[in-house]
Amino acid sequence: MNIEKIYLEEALNTVTNWLAEDLYYEPPYFVEEEIKVIKTALEKQIPRKINNYKKQPNARYGDCPICGRRVIKENYCPRCGQALDWSKE
């Protein structure tokens, strides 16, 4: 696992904990919504394994694990923006 992925996962855990905390006060609605947007953006930056990975001599392709769009040699899904992990492990 690379350092960037570890950092993103730690940041995601922090944001998730913010959403789950039982705070002494009720945060304004817009703050909670902004934290949810941050959480969604962080989740998309953590690479996820490609579904139905195929490799041919001149190309590699598979399906985005979030939206199912066929992607060819791309690091991010052009439809939903999910970071993609092309490793076989």
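Along the sequence shown, the residues carry numbers beginning at 1. All heavy atoms count here, side chains included; hydrogens, waters and symmetry mates do not.
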Test of understanding: with side chain to side chain contact (heavy atoms under 4.5 Å, CB included), list the residues that count as partners of [X], not counting sequence neighbours.
X: Arg79; value: Cys67, Arg69, Cys77
X: Ile66; value: Arg48, Cys64, Cys80, Gln82
X: Lys54; value: Tyr61

* Asked: Side-chain contact, heavy-atom cut-off 4.5 Å: Val71 with Trp86?
  ->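 With C-beta onward as the side chain, the pair touches.
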* Heavy atoms, side chains only, cut-off 4.5 Å: are Leu84 and Ile50 in contact? ->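 Yes - at least one pair of side-chain heavy atoms lies under 4.5 Å apart.
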* Asked: To the nearest 0.5 Å, how far apart are CD1 in Ile38 and CD in Glu43?
  ->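 The distance works out to 12.0 Å.
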* To do: Report the distance from atom CD of Glu74 to atom CD1 of Ile72, rounding to the nearest 0.5 Å.
  =>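 If we round to the nearest 0.5 Å, Glu74:CD and Ile72:CD1 are 7.5 Å apart.
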* Please name all residues satisfying ring pair (Phe, Tyr, Trp, His ring centres under 6.0 Å) with Tyr76, sequence neighbours left out, ordered by chain then number. =>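 Tyr76: no ring pair (Phe, Tyr, Trp, His ring centres under 6.0 Å) contacts found.
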* To do: Kindly give the heavy-atom pair with the smallest separation between Asn58 and Lys73, and that separation in Å.
  =>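 In this case the closest contact between Asn58 and Lys73 is O-NZ, 3.4 Å.
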* Which residues share a side-chain hydrogen bond (donor to acceptor under 3.5 Å, both in side chains) with Asn52, sequence neighbours left out ->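 With neighbours one apart ignored, the set is Asp63.
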